[in-house]
Amino acid sequence: MLIVISGPSGVGKGTVCAKVSQASGIRIAVSATSREQRKGEVEGRDYYYINEEEFRLRIERGDFLEYAVVYGNYYGTLKSEIKDDENVILEIDTQGAMKVLKAMPEALSIFLLPPSMEELRKRIETRGREPAEVIEARLKAAEAEIDTGKRRYKFVVTNDDVNRAAKEITNIIKNATAN
Ligand code: 5GP
């Protein structure tokens, strides 16, 4: 089964997904991206870093299950990351998720919500990675994503506490994979 997990920038998806993966033993697919590798990130663990030209080439070749342009960079799930007989978590944005859910309506979709917009702003600001105008753009994008999340995902989980949210998602996955 494919498990799609999305949420706005700064909601804490990465941390929650890592905990869910650890608790459930389900692998998180490694995406390809054309964005720069950040400090502390590892090739093949966090992402496969490829340039824009190669990304487009691989789109042409049909290597991607889905891809999207997020904040000006390409991100995509490689078909080679997915095996028929294995559960896998896709930590992807809402555009990519909509493509996956259209092709595979049986996929499990979970959207991670911030406790409030004020809290989301605080989290993005304290992360201290982006300039002010980028923060505003991300907050605006977050509102649209949250709207999509509430309407189109099977489950909506609030990340009020990382451990609690991870436990809730792990239970959702357990119940869904048991049937
Ligand atoms: P970041 O650059 O902060 O690691 O990720 C930015 C956004 O890209 C996040 O919302 C993340 O979920 C999304 N993203 C990461 N990998 C993929 C992918 O393979 N496909 C799509 N559609 N979005 C992705």
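Ligands are counted one by one from 1 in listed order, and the atoms in each one are counted from 1 as well. In what follows, residues are counted from 1 in the order of the sequence shown.
- Residues R45 and V30 are not in side-chain contact: their nearest non-hydrogen atoms beyond the backbone lie 4.5 Å or more apart.
- Inter-residue side-chain proximity for I82 and L90 is flagged as met; some heavy-atom pair is nearer than 4.5 Å.
- For F111, the ring-ring contact (aromatic ring centres under 6.0 Å, His included) criterion is met by Y153, not counting sequence neighbours.
- A search for side chain to side chain contact (heavy atoms under 4.5 Å, CB included) contacts involving R56 returns E52, Y74, not counting sequence neighbours.
- Remark: side-chain polar atoms of E43 are paired, donor with acceptor, to backbone N or O of Y49 under 3.5 angstrom.
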Side-chain donor-acceptor contacts of residues 7-17 below 3.5 Å, not counting sequence neighbours, with atom names and distances?
residue, atom, partner, partner atom, Å
S9, OG, R127, NH2, 3.2
S9, OG, R138, NH1, 3.0
K13, NZ, G7, O, 2.6

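- If you look at ligand 1, the protein residues with a non-hydrogen atom under 4.0 Å away are K13, S31, R35, R38, Y47, E66, A68, V70, Y75, G76, T77, E91, I92, D93, G96.
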